[in-house]
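Notes to accompany the following structure.
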Amino acid sequence: NRKVISIYTEFTAFMRRIKIFISSVQSEFSKERAMLCHYIRTDVLLGKFFEPFIFEEVPANEYPISHVYLNEVKLCDIYLGLYGNLYGHEDAEGVSPTEREYDLAAELHKSRLIYIKSINEDDRHPKETALIKKVERDIVRKTFVDLEGLRTSVYASLIRYLEEKEYIKQTCSGFLNKWIVCAIQMNPYQAFQIISQMPNIKKIKFKNFIIDIVEYKGNDFKLSMAVS
């Protein structure tokens, strides 16, 4: 069905993925960094728009470490920071890579998403506490307790980013736009409410369109479950 392929392609295709630079003390947040990379790349919606970067995936090269990570900050669209107990290795000036990365992102006016792990404040490194206070003067940050909480918060922030930048609005509109977002978010009640507001003639066309999409997409489990 050429029409379905054309509409689906319009929804999923774009010129360049939005780059997310994930910043943290690697040893403290190794699980969180790996989880976020995998989740963003494999999620049926986020994977179409975003490409995360973590330093662990950089192949061996001739450049200094600081050159690599600061250059990636310059190239990114979103700085995503994970802050916890540790401040990290300090350079000759007593500043950690995480703080260098944040400062550069702020200087370049990058979108910044900060997630702070809830811990006993007495266990936090004094310089990490100072960094968090600096961040709190600049932007609103979120706290998290575990991997699931972090994933939920990041998902909500990235969906909000797409809405604010009108990436979703540009790819489809009206009832279809709202329904696709609800379906992918696995919110069947709200998706049903949107459909119930349609005129009957549109409901019939919409049903046929969704059936065609499922047949075209085939084994996309998450979208198929949402459609069901």
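Positions are given from 1, in the same order as the sequence printed here. For clarity, every value in this text was computed on a predicted model and none was experimentally measured.
Other members of the cluster containing V25 are L86, with ILVMFWY side chains joined at under 4.5 Å, either directly or via other members. Taking a 4.5 Å side-chain heavy-atom cut-off between Ile, Leu, Val, Met, Phe, Trp and Tyr, the cluster of I119 contains only that residue.
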What pairs of donor and acceptor atoms, side-chain ones from residues 131-138 against any protein atom, are under 3.5 angstrom apart with sequence neighbours left out?
from: K134; atom 1: NZ; to: E99; atom 2: OE2; distance (Å): 2.6
from: K134; atom 1: NZ; to: D103; atom 2: OD1; distance (Å): 2.8
from: K134; atom 1: NZ; to: D103; atom 2: OD2; distance (Å): 3.4
from: E136; atom 1: OE2; to: R141; atom 2: NE; distance (Å): 2.6
from: E136; atom 1: OE2; to: R141; atom 2: NH2; distance (Å): 2.8
from: D138; atom 1: OD2; to: Y102; atom 2: OH; distance (Å): 2.8

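Less than 6.0 angstrom separates the ring centroid of F21 from the ring centroid of F53.
Remark: the S23 side chain and the Y83 side chain contain no N/O donor-acceptor pair separated by less than 3.5 Å.
A cation-pi arrangement, defined by a distance under 6.0 Å to the six-membered ring centre and an angle within 45 degrees of its axis, is present between R151 and Y39.
Residue L158 holds its CG atom at 8.5 Å from CD1 of I18, rounded to the nearest 0.5 Å.
Summarising the geometry of L82 relative to S24, their closest heavy-atom pair is O-CB, 3.3 Å, with the distance given to 0.1 Å. The shortest heavy-atom contact between R17 and G47 is NE-O, 3.0 Å.
Take D91 and apply the side chain to side chain donor-acceptor pair (under 3.5 Å) test, not counting sequence neighbours, and it matches R100. Shown here are the side-chain contact (heavy atoms from CB on, under 4.5 Å) partners of N120, two or more places apart in sequence or in another chain: D122, D123.
Residue-environment remark: NZ (K127) exceeds the threshold of 12 foreign heavy atoms within 6.0 Å.
Residue pairs satisfying the salt bridge (Lys or Arg N to Asp or Glu O under 4.0 Å) criterion with at least one member in residues 29-40, sequence neighbours excluded, are listed as follows: E32-K117, R33-E56.
Proximity of a side-chain donor or acceptor of R112 to a complementary backbone N or O of I139 within less than 3.5 Å is not detected.
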